[in-house]
Number of protein chains: 2
Amino acid sequence: MNLKQLSEKLGLSPTTVSRALNGYPEVSEKTRQRVNEAARRHNYRPNIRAKSLATGRAMAVGHVIPISTKHEIVNPIFADFIAGAGETYSLAGYDMVLSVVSDADEVRTYRELKSKANVDGVIVHGPQFDDRRIPLLHEIGLPFVVHGRSSAVALPYAWLDVNNRHAFERATNLLLDLGHRRIALLNGLEAMDFAIRRRAGFVAALDARGVSPAPALMRSEEMTEIYGYRAAREMLEGPEAPTAFLTSSLLTAIGVRRALEDLGLKMGRDVSIVTYDDELSYLPNGDEVPIFSATRSSVREAGRIAARMLLDQIADPGGPPQERLLEAALVLGGSTGPLAGV
Amino acid sequence: MNLKQLSEKLGLSPTTVSRALNGYPEVSEKTRQRVNEAARRHNYRPNIRAKSLATGRAMAVGHVIPISTKHEIVNPIFADFIAGAGETYSLAGYDMVLSVVSDADEVRTYRELKSKANVDGVIVHGPQFDDRRIPLLHEIGLPFVVHGRSSAVALPYAWLDVNNRHAFERATNLLLDLGHRRIALLNGLEAMDFAIRRRAGFVAALDARGVSPAPALMRSEEMTEIYGYRAAREMLEGPEAPTAFLTSSLLTAIGVRRALEDLGLKMGRDVSIVTYDDELSYLPNGDEVPIFSATRSSVREAGRIAARMLLDQIADPGGPPQERLLEAALVLGGSTGPLAGV
DNA sequence: GACAAGGTTCAAAACGCTTTGGATTGACAG
DNA sequence: CTGTCAATCCAAAGCGTTTTGAACCTTGTC
């Protein structure tokens, strides 16, 4: 059933039917109702390809998921972010198109997205410290919102980020307040902007108390469970073992806990852990009482907001780019305790 | 730059340029090269909306991600599956459009996908025992491939599944061979088809040895870490504690391990664990030596294959629906050992 | 009873591509 | 020189919408 058929059935012109369905004023209330009713009865939906060809708007948003060829890891927060964004899109009648793409194809992908005209804007995931995608998208002229920030980029751009620096500063202070001085940082890959900010917050908190960070206790890797396990074992078995860990992901924290258990240490008593928690739906940090003390911010909610921001920008491309900084909560769980022997 | 502009620049008709670009034979090799070169130089890409309006093919595939309103959990395997499928799509020049949708909106979503004509086919995720989406898609007439199966559906349909029953039968036999008799099953939600098959495999293996499964040791829930932890604690502290666990997900297994540690039990010595491992990129099961003994099958590879099957079906809608059953490997890790005291 | 004003409706063009059905050309055989 | 055939190319229609510009009714007014 297409517009022409529907209009024939109604004895009206396609023009009028189109106007009736799209809420234009120059059609009588009576016919509008007649049209709406018929459309519903025949389960009519405008062909979106034809519609967007005529209007010039794609009614779709792109997400380009980078897969670093080195690691081939799909960011685990991605699924929840998408779920949040997806809610917003479907409420607004937008589609979401996904491109999973390796670093090498990234530039080409963005260019194609624009020239093939199949999206009205994109969300940029996992920005690095100096992310080339931002100038690229500026040049291409495709509206975009960055999930995170890119510190080295001077251009204005729309972003939504968590205050990673502040979150890690607070987390570090929590450990310092408990008497810990030898604190290990198991950070994400420090090519990533968020990881740099987290490290900065960590270092700033230590500095403020006159504690100098030990290089041997700071690592930066893909945030897996194995990473947490291995790093924790090595550090705990080495000289100058840490008494507390600050990790960038719940999975890494779980790995640290496994190392503790292997070494016969008790979490929260012998060694403390604070982690960043993205509130992933399939990986909750306990329920009433969190397992890990954590800085917490919902990545799903971030998805909702970022999508909203992008739709706003598409609707009003002239406006100044929105910026939004979320604060993470600091929640206390069973993984932290005062320095043993204090 | 659109087709008309490009053709003017070349002094050719749009017809010829289109044919040249699409590899039709009725254009001389010389002009084809000239056209290709110009297209590359001007970075021309056909507007995909116009193209698919003209051809009737959307050049896109839909994935409808169900979010059960009760649990609101995004399936963690989803990200890796998408990554695999995405590879196949982009090689074939297809787009992937995602709809994150709650149970209530599911039917409407599929109907819209068809009537708005924005995809040529869909992948069905997370099929239940008697999944209504399969007859629905049959009725709608939209090509589809199911990731998994739906036992109660009699209609023929294309699917790609892992031999879950066999995998769990083998896993159970491994534990039986090690002397275990009180084996707990921490299954996924048994509304899901895969979970039903896993249970069947588990029960069959026990039956074959004359061991009767204890209802108190069989659970079925959303596969989180907390679930594993809580179930394991309750079972281990109850009467008739199990000596081994069979879990449906690595996360659940991790939860079981945490429970063991809380209770001062050693994994692999006091209590054994075998788990299903989807080989998620961000959740590897150890590296050279697996942490957990596991039945292993890559969900990413499944994504690649399922996508290929769907594209085949779109290309040849008349053919019989493809069916593909993958076998899971059984790998030995550090989580299994002979029954203590045997 | 004519005329302007508003309210409704429509025919046709446009969006950017593919594809059908010819038209044109050149080579070649008769 | 003519007719045939294949090789190239092109004009125009068509895909399903929206949107522009104009036409057609009603009214109400003088």
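What's counted below: heavy atoms across the whole structure, side chains too, no hydrogens, waters or symmetry copies. Please read these numbers as outputs of a predicted model, since none were measured by experiment. Throughout, a chain's letter reflects where its sequence line sits, starting with A, and its residues are numbered from 1.
Of the charged side-chain nitrogens involved, at least one lies within less than 4.0 Å of a carboxylate oxygen, so that Arg32(A) and Glu29(A) count as a salt-bridged pair. Salt-bridge annotation for Arg34(B) and Glu37(B): absent, with no side-chain N of the basic residue lying under 4.0 Å from a carboxylate O of the acidic one.
Looking only at side-chain heavy atoms (C-beta outward), Pro321(A) and Trp159(A) stay at 4.5 Å or farther from each other. Contact of the Leu137(B) side chain with the Tyr110(B) side chain is registered, since non-hydrogen atoms from C-beta on lie closer than 4.5 Å.
Residue Lys51(A) contributes atom NZ, which lies 17 Å from atom C1' of dA14(C) at whole-angstrom precision. Separating the CG atom of Asn2(A) from the C1' atom of dG16(D) is a distance of 6 Å, rounded to the nearest angstrom. Taking atom CD of Glu26(B) as the reference point, atom P of dC10(D) lies 13 Å away to the nearest angstrom. When rounded to the nearest whole Å, the span between NZ of Lys4(B) and P of dA11(D) equals 12 Å. The nearest whole Å value for the distance from the CD atom in Gln5(A) to the P atom in dG16(D) is 8 Å. In this entry the distance linking NZ of Lys116(B) with C1' of dG16(D) reads 15 Å, nearest Å. Across the protein-nucleic acid pair, Glu8(B) atom CD and dC9(D) atom C1' stand 17 Å apart, rounded to whole Å. Counting to the nearest Å, the P atom of dA14(C) and the CG atom of Asn47(B) are 18 Å from each other.
Axis angle, first five pairs versus last five pairs of the helix from dG1(C)-dC30(D) to dG30(C)-dC1(D): 70°, rounded to 10°.
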**Report entry** Step-by-step side chain to side chain donor-acceptor pair (under 3.5 Å) determination, Asp193(B) to Ser151(B)
**Finding:** CA-CA 7 Å; Asp193(B) 197 81; Ser151(B) 306; 2.7 Å; yes
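Counting non-hydrogen atoms under 4.0 angstrom, Leu12(A) reaches the backbone sugars and phosphates but no base. Base engagement by Thr15(A) is indicated by at least one non-hydrogen atom pair under 4.0 Å involving a base atom. Counting any heavy atom pair closer than 4.0 Å across all strands shown, Ser52(B) reaches no nucleic acid atom.
With hydrogens and angles ignored, the 3.5 Å screen pairs no side-chain donor or acceptor of Asp80(A) with any backbone N or O of Leu280(A). A donor-acceptor pair under 3.5 Å is absent between the side-chain atoms of Glu87(B) and the main chain of Gly84(B), judged by distance alone.
Across dC10(C), dC9(D), dT17(D), the shortest atom-to-atom separation from the side chain of Pro46(A) is found for dT17(D). When the nucleotides dT17(D), dG16(C), dG21(C) are ranked by their closest atom to the side chain of Ala54(B), dG16(C) comes out on top.
OP1 or OP2 of dT17(D) lies within a sub-4.0 Å distance of a side-chain N or O belonging to Tyr44(A). Phosphate contact (OP1/OP2 of dT8(C), side-chain N/O of Tyr24(A), threshold under 4.0 Å): absent. OP1 and OP2 of dC15(D) both lie 4.0 Å or more from every side-chain N or O belonging to Thr55(B). For dC9(D), the OP1/OP2 oxygens have a side-chain nitrogen or oxygen of Ser28(B) closer than 4.0 Å.
The residue among Ser13(B) and Leu53(B) whose nearest nucleotide of DNA chain D is located toward the 5' end is Ser13(B). Residue-to-nucleotide proximity on DNA chain D shows that, of Val17(B) and Arg49(A), the 5′-proximal contact is made by Val17(B). Nearest-nucleotide assignment on DNA chain C puts the 5′-proximal partner with Thr16(A), out of Thr16(A) and Ser18(B).
Checked against a 6.0 Å centroid threshold, the rings of His125(B) and Phe81(B) count as neighbours.
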